[in-house]
Structure formats: C-alpha cells, structure tokens
Amino acid sequence: MSALNLYDTATREVGEFQPLIPGEVSIYVCGATVQAAPHIGHVRSAVNFDILRRWLIWSGYEVTFIRNVTDIDDKILQKAVIEKMQWWALAMKYERIFSAAYASLNVLPPTYEPRATGHVTQMIELMETLIANGAAYAPGNGDVYLEVRKLKRYLTLSGQKLDDLQPAGDVDANNSKKRDPRDFALWKAAKIGEPSWPTPWGAGRPGWHLECSAMAHTYLGEAFDIHAGGLDLIFPHHENEIAQSEAAGHKFANRWLHNAWVTQSGEKMSKSLGNTLQVDVILQRVRGIELRWYLGSAHYRSMLEYSEAALDESAVAFRRIEHFLNRATEILGTHPAPVVNDAFCAAMNDDLAVPAALAGISENLRVGNQAITDGDKDAIGKNASEIRGALSILGCDPFDPNYTLENSTNLSDALNGVITLALKERTAARERKDFAASDAIRDGLLELGITIEDTAQGPRWSMTEKS
RNA sequence: GGUCGGAUGGCCGAGAGGCGAGGCAAGGGACUGCAAAUCCCUCUACACGGGUUCAAAUCCCGUUCCGACCUCCA
C-alpha cells in the first residue's frame with residue numbers, strides 16, 4: 001500500500017505524512033463559533049476533515065480528533081442582545097443546531113469537543129507563561145497582548161511580512177495600549193454588562209486565538225500531527241495560534257490543512273453578502289447522505305461552486321449508486337462487505353483525491369450493473385463491496401445505521417405515495433360506482449392498519465394500531 | 001499596496017511535461033408490451049500572447065479576467 005501524502009499549507013507542498021508517534025494521529029480542527037445556524041460551507045469543512053479522519057482510521061491509525069466550540073466571542077454577545085437571550089443560552093442553542101447538522105451528515109463525533117469557556121484556567125496559565133517569557137504584556141487596562149515584533153518568526157504560514165499588513169481597522173491609535181498596532185489581544189478586559197472571568201490582570205474574557213492554543217495543548221500536548229480548518233483561518237487565527245504556542249515553547253502543529261469554500265457565483269458564502277445556504281434548508285431538498293456526497297465529491301482544496309442544478313445532479317448520481325447497492329443486496333441476499341480497492345486507496349493517499357476516487361466508483365458501477373444483467377454473482381459482489389468500501393470511507397454508506405432513521409423517513413414518503421396511488425384507484429372505482437372494488441381497497445388498507453376517511457377535500461388516511 | 005488561489009468541452013469536475021480521468025447533458029444503438037432501469041457507441045477542452053522542449057493543459061515570462069485573506073469568518 002502506498003503511503004499517505006498530504007498537502008501542508010506551511011510548505012505549500014504535498015508530502016508524505018509521518019505521525020509524531022507511529023500508529024497514532026492527533027488532529028485539532030477549528031470548529032464553529034456558535035452564533036448562528038450553520039450553512040453548507042461550515043459543514044463542508046466538517047465533512048472534508050471527517051473523510052480525512054475515516055481514511056486515517058481505515059489506514060490503521062489510532063486517531064484523536066479534537067474539534068472545539070467557540071462559545072464566547074463578540075458576535076455571540078451581540079446576537080444575544082438581538083435575540084434577547086443570555087449569551088450562554090444562545091451559544092448552547094446554536095451548538096445544538098451545529099451538532100444536529102453534523103449528525104445528519106454522518107460526521108463522526110470528535111474524540112472530545114472542548115468549549116472555550118471551559119478552559120479559562122488553561123488560558124491564564126498560557127498567558128502567565130507568555131508574560132514570563134517576555135512575549136506578552138499586560139498594559140494595565142485589563143487587556144493582555146502578544147508582542148508580535150519580538151517573535152522569532154511570525155506569519156510563516158501565510159507568507160506575509162508584518163510591515164505589509166494593512167493596519168488593523170479596529171485599533172484606535174490614540175487610545176490603544178498596544179506597543180505595536182499589530183499586536184493582538186490574548187485577553188480582552190470586560191466591558192460593563194459583559195461576561196468575565198477573573199485573572200491576575202483584571203476581569204475579562206478570552207481573545208479569539210488563545211482558546212485554540214490552550215485547548216490543543218491540553219488535549220494533544222505540546223506537539224501534534226495535524227491542525228485543520230477553513231482557508232480564512234490561516235490569517236490571523238492560525239498565525240496567532242502559532243505565535244502564542246511557539247512563544248510559550250510549544251512545537252504545536254506539525255502540518256496544516258485548510259479546506260476551500262463553498263461559493264456562489266464565485267464568491268465565498270457569508271452572511272453579509274446574503275448568499276448563505278443553511279443546512280436545514282438544503283436538507284429539505286436532498287437527504288443528508290446526498291448533501292454529504294455533494295460536499296465531499298470535490299477536492300477539499302478546491303472551491304465548490306454551489307448551484308441547485310449541481311446539487312440535484314449529484315444527488316441523482318448518488319441514488320444511482322445506491323440503487324445498484326440495493327439491487328446487489330437483493331441478489332446476494334446480504335449486504336456486501338465493504339472492501340477498499342487499490343485504486344481508491346491510491347487516490348485517497350494522494351492528498352485525499354476524492355474526485356479521482358469517484359472515477360473508480362463509476363467504473364465499479366458500470367461493471368457491477370453489467371454483472372447484474374449477466375447474472376454474475378461474483379462480479380456483483382466484488383463491485384458492490386468495493387463501492388460500499390469507498391462509500392463508507394466517504395461517510396456515504398447507505399447501509400450505515402446512522403442513516404437508518406433518515407431512510408425510514410424516505411420509506412414513509414414512499415408509503416405515502418403508495419397509499420395515494422391506492423386512494424386514486426379507489427376514487428376512480430367509486431366514480432364508476434364499482435363499490436365492491438372501492439370497498440375492497442378500503443378494507444385491504446384497514447387490514448394493514450391504515451384508516452380511510454372521506455372528507456370534503458377528498459380521502460384522507462392515517463395510521464392506526466393494528467389490533 | 002502586500003500575500004495566496006483560480007480560469008479545462010454544452011455543464012460539473014480531475015490531471016501538473018508524452019497514453020484525451022470521470023460524471024451529467026445531447027445524439028445514435030441494444031434490451032423492452034409501454035415506460036423506467038441497465039449496457040454499448042459518438043461528440044469534445046485546456047483564458048490570451050510569447051518562450052523553453054523532440055514533446056506544453058502541465059514549465060518560464062508577460063497580459064486579461066475572477067476570487068480569497070490583510071486582526072469577525074469554515
């Protein structure tokens with residue numbers, strides 16, 4: 001088997017993945033700031049790194065997967081005012097919606113999902129270390145800043161130069177206690193009415209970046225294998241995480257992975273552009289497994305241009321695969337056992353080249369369908385197994401119990417259709433006064449526990465307990 | 001201004017010096033009571049202008065257009 005090669009944002013090259021500890025992989029993914037419901041861009045990130053995780057697990061690694069929840073920040077406080085809720089109630093509300101979205105897309109739950117507010121102690125410890133090192137300073141106003149000009153290296157991930165950065169817009173140069181306008185806040189002094197935690201430098205709340213360094217350190221140690229997140233996190237978030245952690249003497253992440261956007265008309269989804277597509281809205285159009293198939297089908301570093309047509313086409317393609325697996329199961333009398341073939345393996349090991357892997361699935365599908373025509377059970381089993389193996393790595397195995405509930409929803413849709421069909425026949429029979437036939441339909445349905453009522457708007461059916 | 005990415009056939013979407021990934025759509029055919037499903041065949045592309053090379057979608061230089069980040073972001 002070939003070795004896994006992954007892109008590293010830090011080097012901008014694809015290189016062989018070597019875990020720090022043989023057989024084990026530690027991953028930290030920057031999760032959501034829970035201030036609004038997720039759009040499909042958010043869950044694309046989760047799906048992409050879930051595929052990475054499943055691939056590593058299949059490859060035999062013991063994977064520790066940490067994905068944080070940022071449950072305190074400026075926007076959460078703002079939204080709490082707008083929604084007239086406690087900030088912590090608002091954060092919990094949206095955290096649950098995120099969790100539900102992840103679950104509907106069959107994203108494996110993280111090994112641990114730390115919240116920022118639960119790690120203030122670790123953040124204070126980190127700040128104490130940084131101040132003792134001379135890397136950070138507390139100017140006395142309750143803020144704590146990292147002094148970026150003192151860093152041995154900074155902005156290595158994004159490849160920028162400190163002096164080339166545009167000055168921060170939010171800094172009031174006259175009132176700022178920053179030694180340099182580009183210094184960033186590790187900790188923010190509490191304003192009146194805002195939540196705060198006591199620290200040696202005054203009451204306040206975490207700056208955005210500090211939490212991830214503290215939590216990554218807490219759960220993964222001073223050095224870990226992979227740090228992942230969206231492209232927009234490269235700067236400032238990940239740069240600042242590196243700055244803090246390295247200034248504290250940690251090695252931090254060995255490799256950086258960043259996923260690209262879901263775009264509309266070439267532009268990144270964002271609430272300010274009004275072009276966001278919330279997950280629950282999309283899930284009224286396609287099933288979770290189909291949305292996952294769509295989001296996972298593009299390479300994780302490529303922009304995915306959203307359109308309803310593309311989503312629909314993708315869903316149709318997935319149903320075709322699913323249909324083959326169902327027919328194969330009928331013929332074989334059992335679910336095909338998942339098998340990962342060499343082509344899929346080679347594609348995934350090449351920086352998770354899912355699109356290349358899909359070409360292999362297409363081939364399996366074509367050959368598998370031909371095998372059904374030919375009645376060649378061995379070939380049916382082989383191709384069905386290889387397809388199922390690929391789908392299970394992609395998190396789109398239709399026989400995965402995590403999709404069972406959803407499948408039963410589809411069953412009820414199908415049931416509804418069948419009954420509607422029967423009711424049309426019954427109506428037709430009644431119109432030609434063939435009551436023997438119409439009553440036979442009604443009695444037959446009743447025997448199955450389905451009660452028919454004739455109303456002014458037409459027949460209505462409901463399920464009753466079978467006696 | 002700085003940094004980074006992109007432009008591939010009607011559409012989606014890979015590839016990164018040499019055998020035209022793959023899918024969808026379209027057209028033709030096989031099968032079929034009709035339809036569906038399935039299979040087979042066909043068509044076709046690398047934004048533009050130079051250059052390097054035996055060979056360029058791929059490397060180099062330049063140009064155009066699109067997008068991302070520059071302290072809120074997946």
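Just so it is clear: chains get the letters A, B, ... in the order the sequence lines come, proteins before strands, and each one is counted from 1. Since the structure is predicted, the reported quantities are computational estimates derived from the model, not experimental observations.
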**Report entry** Shortest side-chain distance from Asn259(A), nucleotide among rA74(B), rG67(B), rU71(B)
**Finding:**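 Looking only at side-chain atoms, Asn259(A) lies closest to rA74(B).
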Report task. Between rA74(B), rU71(B), rG2(B), spot the one nearest the side chain of Phe184(A), thanks. Result ->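 From the listed options, rU71(B) comes nearest.
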May I ask which nucleotide in the shown strands pairs with [N], Watson-Crick or G-U wobble, both distances under 3.5 Å?
N       : answer
rC39(B) : rG29(B)
rG67(B) : rC4(B)
rC54(B) : rG18(B)
rG62(B) : rC48(B)
rC24(B) : rG10(B)

In whole Å, what separates the [atom1] atom of [N] from that of [M]?
N       : M       : atom1 : result
rU52(B) : rC60(B) : C1'   : 7 Å
rG49(B) : rU3(B)  : P     : 28 Å
rA16(B) : rG10(B) : P     : 24 Å
rG27(B) : rU44(B) : C1'   : 13 Å
rC66(B) : rG28(B) : C1'   : 39 Å
rU53(B) : rG18(B) : C1'   : 12 Å
rU8(B)  : rG23(B) : C1'   : 15 Å
rG20(B) : rC46(B) : P     : 15 Å

Expressed as a whole number of angstroms, how long is the span from [X]:[atom1] to [N]:[atom2]?
X         : N       : atom1 : atom2 : result
Leu210(A) : rC72(B) : CG    : C1'   : 17 Å
Asp163(A) : rG1(B)  : CG    : P     : 18 Å
Glu239(A) : rC4(B)  : CD    : P     : 12 Å
Leu157(A) : rG5(B)  : CG    : P     : 12 Å
Leu231(A) : rC70(B) : CG    : P     : 12 Å

Report task. Show the numbers, then the answer: is there a ring pair (Phe, Tyr, Trp, His ring centres under 6.0 Å) between Phe49(A) and Phe65(A)? Result -> CA-CA 10 Å; Phe49(A) 297 126; Phe65(A) 192 97; 7.9 Å; no
Using a 4.0 Å heavy-atom cut-off across all strands, classify [X] as base, sugar-phosphate, or nothing.
X         : answer
Asn48(A)  : nothing
Leu233(A) : sugar-phosphate
Ala260(A) : base
Val262(A) : base
Gly41(A)  : base

Could you tell me if [Y] and [X] have a donor-acceptor pair between their side chains, going purely by distance under 3.5 Å?
X         : Y         : value
Asn364(A) : Glu386(A) : yes
Asp183(A) : Tyr137(A) : yes
Asp180(A) : Tyr145(A) : no
Asp73(A)  : Thr33(A)  : no
His237(A) : Glu241(A) : yes
Ser385(A) : Asn383(A) : no
Asn106(A) : Asn402(A) : yes

Query raised in the report: So, is the end of the Arg287(A) side chain (NZ or CZ) under 6.0 Å from the ring centre of Tyr403(A) and within 45° of the ring's axis?
Result: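 Relative to the ring axis of Tyr403(A), which defines the angle, Arg287(A) lies outside at least one limit.
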Report task. Report, as a single string ordered 5' to 3', how protein heavy atoms within less than 4.0 Å touch nucleotides 35-48 of chain B: B base, S sugar-phosphate only, - not at all. Result -> --SSSS--------
Report summary line: A correct 5'-to-3' footprint of nucleotides 6-22 of chain B, with B, S and - meaning base, sugar-phosphate only and no protein heavy atom under 4.0 Å, is -------SS------BS
Mark yes or no for whether [X], through its side chain, and [Y], through its backbone, hold a donor-acceptor pair below 3.5 Å.
X         : Y         : result
Arg205(A) : Ser196(A) : no
Asp350(A) : Ala353(A) : no
Thr218(A) : Ala214(A) : yes

Query raised in the report: Mapping Tyr154(A) and Gly159(A) to their closest nucleotides on RNA chain B, which lands nearer the 5' end?
Result: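 The answer here is Gly159(A).
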**Report entry** Of Ser265(A) and Pro236(A), the one whose closest RNA chain B nucleotide lies more 5'
**Finding:**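 Between the two, 5'-proximity favours Ser265(A).
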Query raised in the report: Should Lys161(A) be listed as having a side-chain N or O under 4.0 Å from OP1 or OP2 of rC70(B)?
Result: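 No, because none of the side-chain N or O atoms of Lys161(A) sits under 4.0 Å from OP1 or OP2 of rC70(B).
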Query raised in the report: Do the side chain of Gln160(A) and the base of rG2(B) come within less than 3.5 angstrom through a donor-acceptor pair of N or O atoms?
Result: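 Between rG2(B) and Gln160(A), which were checked side chain against base, a qualifying N/O pair under 3.5 Å is present.
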